[in-house]
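See below for the structure under consideration.
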Amino acid sequence: MRKTHTAGALRATDEGRSVILAGWVHRRRDFGGLIFIDLRDRYGLTQITLDPQRVPADVFAVAESLRPEYVIEVEGVVHLRPEKMRNPRLATGDVEILATRVLVHNAAKVPPFPIDSDGSDVDETLRLKYRYLDLRRERMARNLTLRHRLIKHMRDYMDGNGFIEVETPILFKSTPEGAREYLVPSRVHPGDFYALPQSPQQLKQLLMVGGIERYFQIARCFRDEDQRADRQPEFTQLDVEMSFVDRDDVMGLIERMLIQFATEQADLHGKKLLYTPFRRLTFAEAMGKYGSDKPDLRFGMEIFDVSAVTRNSSFAVFAAAETVRGIVAPGCGGYTRKQTDELTELAKREGAKGLVVLYHDADGVRASGAGAKLSEAERAAILAAAGSAPGDLLLFVADAETPALTALGKLRLEMGARLKLADPSTLAFAWVIDFPMFTWDKDESRWVPNHHLFTAPRDEDLEKFESNPGEVKGKQYDLVCNGYEAGGGSIRIHRRDVQERVMRLLGLSMEEAYKKFGHMLDAFEYGAPPHGGIAPGVDRLAMLFAGEPNLREVIAFPKNQQAADNMLGIPSAPTAKQLKELSVRVDL
RNA sequence: GGAGGCGUGGUGUAGAGGCCUAACACGCUGCCCUGUCAAGGCAGAGACCGCGGGUUCGAAUCCCGUCGCUUCCGCCA
């Protein structure tokens, strides 16, 4: 090892020690007769001082030639800084190294962007093109360290709870009923393809049939779908599966793991958990109060129902609607027509027919606009249901239940953001349970699974299966946090007959079902234990704990929104020789 | 597939039909400087305003197209 200490290690108590540090020139302050160099490595900054009276002329000359991002090695002696020259903002601020030798390992061109910021001042395209420079930022080092500690915590925790990590293949089988897959051509089997796994779902269930009982894996998953701030084409999950468990066993396991992590790693991310134990709400509650199946629970602004009041309203829009729901935007009574029009646009984009705006004035609902059409009694009843105060703005959607709730859910998030209601230093973890198992897909005229087709129905709903599929609830649970889905899981079907009923309901012929999922159906006939699991998203959890706005900040080499990497220049065209070997022809 | 936003020296921005021979800050180069830590002072270099077309006497600025990045909708069992 060429260095005796890191650039973040030295303190006043090290005074007099001879040391060797190595790293990058962060900044150079040259006074002509005195030079300071901030030496940076992953661990911190240390000030190197070059005094011409105390170093040979050739060493001083080397120091004069240094530029930002040069890689250097410095030998010197730790000195206590004069009292007034200490820097309390630096962990190493009490000391400086009086250099006796400076070696340049490598010079550096002028970087295309500054390294001494958090990167928010630089176009992200450039950051990603020069990711190896971008990673030198303190922010990136902190994020990758946090991610490492999260994964290490997961491994230690799972190990401590009797789980073993088992690797599953990346070259997997194409399966329908899921996300679009990445395909890999087989050379040995011309015309045949592997698929990269969207998740190790089936394999981990087969591990349960294989008697592993407690499995986990830090698993890479691949989905060829369009990107979002919280979606990358390849991502990492803590994949978990256990035998002989109920829903609460799985939820409790993950909940304790996250609480422990948040407690032990408080120094790194500084985030507080808003709910311990985690909140629990049913899908119906989540939709009804927050208009979302992954609500941001850091603030209230719950949706309320005034249908009982408006059923016989003198306001035709209200009277005709299947349901009328609303939210209160506190203190927004001063909104202009232009501002409320923006909100109306947002509601329409989310599928609502429109937005009804009422103003809560000093003496009740303002009698203008929609307010003029409401009777005195209705206005009073609406304010009572809303629980609003003078100066508030009331937003209503009169529509069928689902569009009304989802539109108000989006409006709630929009108003929450405008009013800065969500505390950015908190994490509001919660479980959402009792999801409907199936949703009717109008376009395809068939039932589609809400989670996936291996999720078990609640025992009491088994009989409604064929008669009323929309009413069947599954043993599914989603981990949500601050408006993100941080993970999802379920108790699985472990019997062939039940699995076949699900497949039949989804419109799969038994022939098709067997072709695609025969390995599962067969396995269930050889003593498959009851089992269930979950897969928290590692990238998303790292993002949430780090307080970052997107996944790219917690991934060393992420893809951009076009699923491309402009540093590597991928994806890229294969050679004619490669294609020929794979028996693949490109048709553009 | 669709909608919005952005694109001007190395970086981040200003600019809203003629005042642009394009401004400011940071960075960069040179010189001065012994206690700075976002060091300071002086001087200087560096941009055909993403690309293509159009309107106009005149376009960074208006219009059309296109490319790149980003956020969102669809999609994500």
Side-chain angles (χ1 to χ4, degrees), chain A residues 26-40 45-54 60 67-69 79 81-90 92-93 96 98 109-117 119-130 133 175-181 197-199 201-202 221-233 235 342 345-346 348-351 406 410 413-414 437-439 441 443 446-455 474 476 485 488 490 502-503 506 508 516-517 535 537 549-550 552 559-562 564 566:
Chain A
H26 192 62
R27 256 192 289 262
R28 185 182 63 126
R29 291 177 294 280
D30 187 342
F31 285 77
L34 183 69
I35 298 174
F36 297 108
I37 290 160
D38 288 339
L39 180 74
R40 184 196 69 235
L45 290 177
T46 300
Q47 175 164 286
I48 313 295
T49 304
L50 288 113
D51 184 340
Q53 289 169 0
R54 296 200 249 184
F60 195 78
R67 293 292 180 272
E69 301 310 313
H79 275 246
R81 295 198 199 179
E83 195 72 45
K84 285 178 190 161
M85 312 305 171
R86 297 186 180 174
N87 185 348
R89 285 177 298 165
L90 222 54
T92 61
E96 60 191 349
L98 285 190
K109 296 210 295 189
V110 176
F113 48 73
I115 311 286
D116 56 2
S117 69
S120 58
D121 53 347
V122 182
D123 183 65
E124 204 182 343
T125 316
L126 254 198
R127 290 182 58 200
L128 291 178
K129 179 158 185 196
Y130 296 94
L133 296 179
T175 53
E177 307 285 331
R180 203 176 292 121
E181 295 159 322
Q198 325 165 27
S199 87
Q201 181 62 37
Q202 297 176 48
C221 307
F222 306 86
R223 293 179 191 174
D224 185 9
E225 298 291 351
D226 288 338
Q227 312 310 307
R228 290 286 186 283
D230 63 343
R231 274 164 35 187
Q232 282 273 314
F235 59 100
E342 275 172 26
E345 275 312 303
L346 177 65
K348 285 184 175 168
R349 251 202 325 275
E350 296 302 327
T406 50
K410 282 293 193 308
L413 289 178
E414 172 67 20
M437 266 193 54
F438 308 106
T439 317
D441 186 325
D443 298 335
R446 65 184 194 108
W447 291 98
V448 292
N450 184 37
H451 186 47
H452 57 56
L453 74 175
F454 305 109
T455 296
Q476 183 199 337
E485 183 190 329
S490 63
V502 171
M503 290 174 170
L506 299 178
L508 280 171
K516 294 296 182 185
F517 301 110
N550 67 63
R552 296 182 297 277
K559 308 257 189 303
N560 68 15
Q561 193 162 45
Q562 278 64 243
N566 289 328

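In what follows, chains are A, B, ... by sequence order, proteins preceding strands, each numbered from 1.
- With B/C69, B/C76, B/G35 as the choices, the nucleotide that has an atom nearest any side-chain atom of A/Arg223 turns out to be B/C76.
- Among the nucleotides B/G35, B/G12, B/A38, the one closest to the side chain of A/Met85 is B/G35.
- Of the charged side-chain nitrogens involved, at least one lies within less than 4.0 Å of a carboxylate oxygen, so that A/Arg40 and A/Glu69 count as a salt-bridged pair.
- Side-chain proximity of A/Asn550 to the nucleotides B/C37, B/U71, B/C75 is greatest for B/U71.
- The side chain of A/Arg231 places no N or O atom within less than 4.0 Å of a non-bridging phosphate oxygen (OP1 or OP2) of B/G74.
- Judged by closest nucleotide on RNA chain B, A/Pro68 is the one of A/Gln198 and A/Pro68 placed further toward the 5' end.
- Checking side-chain atoms of A/Arg86 against main-chain N and O of A/Arg81 turns up a donor-acceptor pair under 3.5 Å.
- Among the heavy atoms of the strands lying under 4.0 Å from A/Asn87 is at least one base atom, whether or not backbone atoms are also near.
- Residue-level contact check: A/Leu126 touches the backbone only, with heavy atoms under 4.0 Å from sugar-phosphate atoms and none from bases.
- At the heavy-atom level, A/Ser199 lies under 4.0 Å from base atoms of the strands shown.
- In this structure, the CG atom of A/Asp230 is 15 Å from the P atom of B/C76, given to the nearest Å.
- Judged by ring centres under 5.5 Å apart and planes tilted less than 30 degrees, A/Phe31 stacks against the six-membered base ring of B/A39.
- For A/Ala229, the side-chain atoms get nearest to B/C72 when compared with the rest of B/U34, B/C72, B/U70.
- Taking side-chain N and O atoms only, A/Arg81 has no distance below 4.0 Å to OP1 or OP2 of B/C37.
- Of the side-chain N and O atoms in A/Gln562, one or more sit less than 4.0 angstrom from OP1 or OP2 of B/U70.
- For the residue pair A/Arg29/A/Gln47, the side-chain donor-acceptor check at 3.5 Å is satisfied.
- A sub-4.0 Å separation between OP1 or OP2 of B/C69 and a side-chain N or O of A/Asn566 is present.
- At distances below 3.5 Å, not a single donor-acceptor pair connects side-chain atoms of A/Glu414 with backbone N or O atoms of A/Leu346.
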Take A/Leu98 and A/Arg54 through the test side chain to side chain contact (heavy atoms under 4.5 Å, CB included) and record every step on the way to the result. CA-CA 8 Å; A/Leu98 285 190; A/Arg54 296 200 249 184; 3.2 Å; yes
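- An OP1 or OP2 oxygen of B/A39 is reached within less than 4.0 angstrom by a side-chain nitrogen or oxygen of A/Arg29.
- Comparing A/Asp121 and A/Pro82 by the nucleotide of RNA chain B whose heavy atom lies nearest to each, the residue mapping closer to the 5' end is A/Asp121.
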Checking side chain to side chain contact (heavy atoms under 4.5 Å, CB included) for the pair A/Leu506/A/Phe438: CA distance, chi angles, key distance, verdict? CA-CA 9 Å; A/Leu506 299 178; A/Phe438 308 106; 3.9 Å; yes
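- The phosphate of B/U71 (OP1 or OP2) has a side-chain N or O of A/Gln561 nearer than 4.0 angstrom.
- In this structure, the ring of A/Phe222 has its center no less than 6.0 angstrom from the ring center of A/Phe235.
- Of the candidate nucleotides B/C37, B/U71, B/A39, B/U71 has the atom nearest to the side chain of A/Arg552.
- Across all strands shown, A/Asp224 has no heavy atoms under 4.0 Å from either base or sugar-phosphate atoms.
- When distances run from any side-chain atom of A/Arg54 to the nucleotides B/G35, B/U34, B/U71, the shortest one goes to B/G35.
- No side-chain N or O of A/Glu350 forms a donor-acceptor pair with one of A/Thr406 less than 3.5 Å apart.
- Residue A/Phe36 and nucleotide B/U36 are classified as a stacked aromatic pair, their ring centres being separated by less than 5.5 Å at an interplanar angle below 30°.
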I'd like a list of close polar pairs between nucleotides 1-6 of chain B and the protein, N/O only, cut-off under 3.5 Å.
none

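- Listed nucleotides B/C73, B/C37, B/U70 differ in distance to A/Asp38; the shortest reach to its side chain belongs to B/C37.
- In this structure, B/C69 forms a base pair with B/G5, meeting either the Watson-Crick or the G-U wobble geometry with both donor-acceptor distances under 3.5 Å.
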